[in-house]
Each structure stands twice: as C-alpha cells, then as structure tokens.
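The structure appears right after this line, and notes come after that.
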Amino acid sequence: MQFHEIRDHVRQEIQQRAEEGAEVSAWRDRLKDLDESHPEDEPAWRSAYDTLYDGSYVAPNAETEPSALDAILALLPESAAELPVAEADIADRMLGAWLGRIAGCVLGKPVEGRPREYVDLYLSLVSETELTDYFPMPDPFPEQLDHTWLTNPNISGCTRPHIRIAERDDDIDYTIIGLHYVEKYGPEFTTENVAQEWQTLLPFGQVFTAERVAYRNIVNGLKPPLTATHRNPFREWIGAQIRADAFGYVNAGRPLDAAKMAYQDAALSHTANGIYGEMWSAAMIASAFSMDDQREAVEAGLACIPPSSRLAEAIRNALAWSNDYPTWQECWERAQAEYGHYHWVHTINNAVWVVLALMYGAKDFGRTISIAVRCGNDTDCNGATAGSVIGAMLGARALPDKWTRDFNNTVRSYVMGFDNSRITELAERTEKQHKRVREHDAKA
C-alpha cells in the first residue's frame with residue numbers, strides 16, 4: 001500500500017472503532033501526535049497501522065450487530081411474509097426498476113461526493129431553483145464549480161444536453177454483475193462465487209474503499225469472511241448497499257429471500273451495518289414490486305435487518321421525522337444534526353437520505369430521485385437506490401420520458417462482456433431469473 005493509503009486507513013480505522021463503541025482515546029492521542037510531529041514519517045505511520053491491525057481487536061457491539069447470517073436472522077422479530085406479485089405487470093416493473101436505478105445514478109453523478117450546499121450552489125449558478133431535470137452543463141463555467149470533474153467525459157455525459165447513453169458507473173456495474181451471479185450459479189450462489197467473479201470480470205482500478213480492500217485480500221489468498229475483516233476500515237461504508245438491487249429484482253415480492261441473497265454478496269467486503277445496508281436495500285426493492293406505498297416498502301426492508309443495529313435505528317428515526325417536518329429540507333436539517341458526523345460514503349447517513357427521498361418524493365419519480373441527490377453525499381448511489389424502488393413500484397410505462405429517452409436504451413459497463421448493454425435486454429434477463437428463482441424454491 002502507498003503511504004497516503006496507510007495514513008488514511010489509520011484515521012478511518014480509529015473512527016470506525018469509535019463508531020463500533022470501542023474506547024479509542026489513546027489512539028486519538030497517537031493520531032494527533034502523528035499528524036503534528038510525524039506527518040511525513042512513513043515508518044511511524046506504518047508502525048501505527050501494523051499495531052492497529054495486530055489481530056487482537058474485537059468489536060464491542062459484535063453481539064448486537066453481528067456479521068454472521070445465522071446470528072443476524074436470529075435477531076429478526078419475525079419472518080417477512082412473501083408478498084403477492086402481479087405477474088402480468090412484472091416485465092414493466094422490472095424495466096422500471098432498471099431505468100429508475102440508471103436515471104437516479106446519472107442524475108447524481110455530476111455532484112457525487114458533494115455536500116448539500118454545493119448541490120444548491122450548482123443549481124443557483126445555472127439559475128435553477130429546483131432539480132427538475134438532469135443538471136445542465138454550465139456555460140460559461142462558474143469558478144465555484146469543479147471544472148476538472150464536470151468536464152470529464154464520463155461526467156459531462158451525464159449533463160444536459162450531452163446525454164446520449166447511460167454512462168458507466170459502479171452503481172450500475174454491480175447491478176449487472178449481481179444479475180450475472182444468479183445467471184451463472186443460480187439462486188444459491190456463494191460469497192466465494194462472488195470473489196471468483198470479481199477477479200474475472202471487474203477491473204481492480206474501478207473498485208473502491210471496502211471493495212478495494214476485499215479485492216486485495218482475495219488476490220492475497222484470503223477467504224471470506226476474512227476478505228471483509230482483514231485490515232478493512234471501510235467495512236461499514238456504502239459499497240455493499242449499492243450492490244443490492246439485482247437481488248431485490250430476482251426476488252420480487254420476497255423481501256427476506258432478497259436479504260439473504262444480498263448477504264452472500266455483502267459478506268465478501270463488509271461487516272455489520274455495511275452488510276445490513278445491502279440486506280435492507282434488497283428487501284425494500286423486492287417489496288416495491290408488490291407494494292404501492294413507499295413507507296411500507298421501507299418498513300419491509302427494515303424488518304430484514306437487526307432492530308438493535310445503528311442502521312435500523314437511523315431508518316426508524318428518518319421515518320418518524322418525516323412525519324414531524326413538513327419539508328424535506330427541515331427533515332434533512334434534523335437528520336444531518338444526528339448523522340452528519342459519518343463519512344460521506346458511509347452506509348447509515350446515505351440510507352437516511354434515501355428514506356427522506358422516498359417519503360417526501362410521494363411516489364413522484366422525478367421528485368424522489370431529485371431529493372435523493374439534493375441531500376448531498378453519495379448522490380449517484382442514493383439517486384440510484386431511490387430510483388430503483390420507485391421504478392419498481394411504478395413500472396416503466398409510468399416513468400416520465402425525459403428521464404429515460406436520452407439513454408437510447410444503452411448502458412456502458414466495465415463488467416467484462418456487458419459494455420453497451422441494452423437496458424431492455426437486462427430487464428428481460430432479470431425477469432427470466434426471477435422466474436427461475438421462484439421455480440427453484442418451489443422444487444426445494
């Protein structure tokens with residue numbers, strides 16, 4: 001690992017342990033000394049890194065926030081019921097979910113990683129008070145915006161009037177490769193299968209944070225669950241949550257089955273709340289194929305993660321606050337005061353923004369994905385997840401044409417063999433796997 005990575009991992013590991021309830025005051029003192037007296041002393045930082053990861057640490061909340069599937073399921077209050085799915089509508093809803101995810105992702109890409117204040121600034125500089133369409137490319141270019149970022153072809157291709165295709169993004173890559181797992185291995189694919197497919201189909205340079213650590217651990221010969229736990233300070237960040245959608249799609253109407261399938265994927269790179277984020281998202285999306293109420297879908301996902309977890313508490317709070325505040329902006333302020341300390345790519349704060357988008361979006365597709373993006377932080381991920389839920393709930397025919405037409409039914413991908421995929425074909429293949437999963441379970 002490079003020196004700058006070592007320094008970042010030391011900082012993030014100390015923060016992660018604090019979030020898990022560990023006593024880290026001595027480590028914070030050591031970090032302060034390193035920052036002030038040894039900022040460029042690579043041996044000193046590497047020594048701290050090696051000491052942090054000496055193998056002795058056990059998270060103090062491991063029993064209330066477990067990472068093993070059996071222990072997670074044992075904490076659930078009751079088994080989630082299978083929901084009725086109108087098979088006559090499944091093709092339209094499947095395409096709606098894919099289009100919704102892609103549209104939300106594309107909407108969020110120009111402001112990915114930015115706080116809400118930057119998103120609002122962007123809109124004001126292009127004389128738009130609301131986000132009712134894709135971000136325009138500024139002309140002339142204001143100095144307050146990140147010119148280098150926005151003129152990158154992968155980003156500028158997500159701004160109007162430059163959208164000609166759905167540009168490549170890891171949020172879409174993971175949905176595609178998730179479909180691939182089910183196609184290749186069936187509904188009982190394992191975490192080891194996921195590890196094998198990453199090495200075969202995903203370029204290392206296009207995975208980040210927890211996924212990059214896990215990938216490195218795989219290449220170094222580690223097996224799950226060590227791939228997720230070994231020297232991984234990002235183990236509760238959002239990376240698993242953005243990989244959930246395909247498992248919700250193929251388990252339409254079966255939230256707990258979706259959550260269990262999502263677990264097999266998440267356990268490669270994440271622990272505890274990082275795993276729960278993917279389980280919650282998959283279960284919520286699976287429920288959206290059977291429900292007409294977004295609150296019920298959120299709650300159905302909530303029923304598939306440990307109620308004692310920090311993520312469950314945050315989702316419950318977000319649902320309650322959405323009843324208390326008349327506008328999403330006021331609710332955002334309340335939630336930001338509670339969860340603003342998390343990193344901008346953490347699972348918990350970004351899950352809260354998804355809940356706010358779903359609650360205040362009121363089943364209006366454009367409003368839902370726009371609120372998800374305007375909350376800031378991991379905007380493409382949150383827009384994609386919110387779009388996936390509402391897309392599945394409404395179906396493709398109900399999605400406004402302005403959000404989907406300029407993709408020209410094509411999405412780019414770094415997943416080997418899937419670049420320039422037809423979106424309709426991906427939806428058809430997913431529907432086929434949905435039927436396969438049901439037939440498999442019927443025979444079991």
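Note that this is a predicted model, so its numbers are computed, not measured.
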Next item on the list: Take Asn377 and Tyr342 through the test side-chain hydrogen bond (donor to acceptor under 3.5 Å, both in side chains) and record every step on the way to the result.
Entry: CA-CA 10 Å; Asn377 291 1; Tyr342 283 111; over 6 Å; no
Check: Could you walk me through whether Met359 and Ile371 pass the side-chain contact (heavy atoms from CB on, under 4.5 Å) check?
Finding: CA-CA 10 Å; Met359 294 302 99; Ile371 293 173; over 6 Å; no
Next item on the list: Decide yes or no on side-chain contact (heavy atoms from CB on, under 4.5 Å) for Asp146 and Tyr118, but give the supporting numbers first.
Entry: CA-CA 10 Å; Asp146 187 340; Tyr118 181 93; 3.9 Å; yes
Item checked: Residues Ser287, Leu83; criterion side-chain contact (heavy atoms from CB on, under 4.5 Å); working and verdict -> CA-CA 7 Å; Ser287 301; Leu83 305 167; 3.9 Å; yes
Next item on the list: Go through the steps for Leu123 and Glu130 under the test side-chain contact (heavy atoms from CB on, under 4.5 Å), then give the verdict.
Entry: CA-CA 7 Å; Leu123 291 173; Glu130 297 292 335; over 6 Å; no
Next item on the list: Take Glu338 and Arg334 through the test salt bridge (Lys or Arg N to Asp or Glu O under 4.0 Å) and record every step on the way to the result.
Entry: CA-CA 7 Å; Glu338 189 76 24; Arg334 177 66 184 88; 3.4 Å; yes
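To the nearest 0.5 Å, the span separating CZ on Arg101 from CG on Asp245 amounts to 3.5 Å. Taking CG of Asp380 as the start and CG of Leu107 as the end, the distance is 10.0 Å to the nearest 0.5 Å. Taken from CD1 in Ile172 to CD1 in Ile102, the straight-line distance is 5.0 Å, to the nearest 0.5 Å. Interatomic distance, Asn251 CG to His434 NE2, rounded to the nearest 0.5 Å: 9.0 Å. Annotation: the span from Arg216 atom CZ to Ile218 atom CD1 amounts to 11.5 Å, rounded to 0.5 Å. Note: Ile72 CD1 to Ile305 CD1 = 9.5 Å, rounded to the nearest 0.5 Å.
Looking at Ser290, its side chain does come within 3.5 Å of a backbone N or O of Pro84 through a donor-acceptor pair. Judged by distance alone, the side chain of Glu65 and the main-chain N or O of Arg310 form a donor-acceptor pair under 3.5 Å. Side chain of Glu167 to backbone of Asp169: no donor-acceptor contact under 3.5 angstrom is found. A donor-acceptor pair under 3.5 Å links the side-chain atoms of Thr347 to the main chain of Trp237, judged by distance alone. Counting only distance, with no hydrogens or angles, the side chain of Asn349 and the backbone of His343 share a donor-acceptor pair below 3.5 Å. Without hydrogens or angle criteria, Arg7 side chain to Pro39 main chain gives a donor-acceptor distance under 3.5 Å. In terms of modelled atom types and a separation under 3.5 Å, the side chain of Tyr134 and the main chain of Pro161 share no donor-acceptor contact. Side-chain N or O atoms of Glu236 include one that pairs as donor or acceptor with a backbone N or O of Asn273 at under 3.5 Å. Arg254 places no side-chain N or O within donor-acceptor distance of the main-chain N or O of Glu82, the cut-off being under 3.5 Å. Side-chain atoms of Thr271 never come within 3.5 Å of backbone atoms of Ser67 as a donor-acceptor pair (strictly under, hydrogens ignored).
A donor-acceptor pair shorter than 3.5 Å can be found between the side chains of Tyr249 and Ser388. For Asn409 and Thr424, the side-chain atoms include at least one donor-acceptor pair closer than 3.5 Å.
Contact detail for Arg374 and Asp120: the closest heavy-atom pair is NH2-OD1, 3.0 Å. The heavy-atom pair separating Met284 from Thr385 by the smallest distance is CE-CG2, 4.3 Å. Scanning all heavy atoms of the two residues, the minimum distance from Ala386 to Ala372 falls at CB-CB, 4.1 Å. When all heavy atoms of Leu399 and Gly391 are compared, the pair lying nearest together is CD2-CA, 4.3 Å. Across all non-hydrogen atoms, the minimal contact from Gln241 to Gly277 is OE1-CA, 3.3 Å. Heavy atoms only, all atoms of each residue included: Cys381 and Ile238 are closest at CB-CD1, 3.9 Å.
Between Glu13 and Arg235 there is a salt bridge, since at least one side-chain N of the basic residue sits less than 4.0 Å from a carboxylate O of the acidic one. Taking a cutoff of 4.0 Å between a charged side-chain nitrogen and a carboxylate oxygen, Asp139 and Arg160 do not qualify as a salt bridge. Using a 4.0 Å cut-off between a side-chain N of Lys or Arg and a carboxylate O of Asp or Glu, Lys402 and Asp133 do not qualify as a salt bridge.
For the pair Gln15/Arg28, a side-chain contact is recorded, criterion being any heavy-atom separation below 4.5 Å from C-beta on. When side chains are defined from C-beta on, Thr404 does not count as touching Ile423, because their heavy atoms never get closer than 4.5 Å. Side-chain contact check for Trp353 versus Gln336: some heavy-atom pair is nearer than 4.5 Å. Residues Pro66 and Tyr276 form a side-chain contact, since some pair of their non-hydrogen atoms from C-beta on lies under 4.5 Å apart. By the 4.5 Å heavy-atom criterion applied to side chains, Val207 and Asp173 are not counted as neighbours. Counting heavy atoms from C-beta on, the side chains of Pro187 and Met261 come closer than 4.5 Å. Looking at heavy atoms from C-beta onward, Trp45 lies in side-chain contact with Leu31 at the 4.5 angstrom threshold. Side-chain atoms of Leu52 and Arg30, non-hydrogen and from C-beta on, never get closer than 4.5 Å to each other.
Taking the ring axis of Tyr57 as reference, the NZ or CZ atom of Arg17 stays within 45° of it and closer than 6.0 Å to the ring centre. Cation-pi geometry between Arg168 and Tyr414 is not met at under 6.0 angstrom from the ring centre and within 45 degrees of the axis.
Ring centroid separation for the pair Phe204 and Trp198 does not come in under the 6.0 Å cut-off. Residues Phe189 and Phe247 bring their aromatic ring centres within 6.0 Å. For an aromatic pair to be called close, the ring centres must be under 6.0 Å apart, and His270 with Phe234 fails this.
No more than 12 heavy-atom neighbours from other residues, nucleotides or ligands sit within 6.0 angstrom of CD on Glu63.
The side chain to side chain contact (heavy atoms under 4.5 Å, CB included) with Trp149 is formed by just one residue from the set Val111, Ile155, Asn154; it is Ile155. No option in Arg429, Glu197, Gln433 other than Glu197 meets the side chain to side chain donor-acceptor pair (under 3.5 Å) test with His180.
Take Glu333 and apply the salt bridge (charged side-chain N to carboxylate O under 4.0 Å, His left out) test, not counting sequence neighbours, and it matches Arg116.
Trp321 and Tyr339 have tilted rings, their planes meeting at an angle from 30° to 60° on a 0 to 90° scale.
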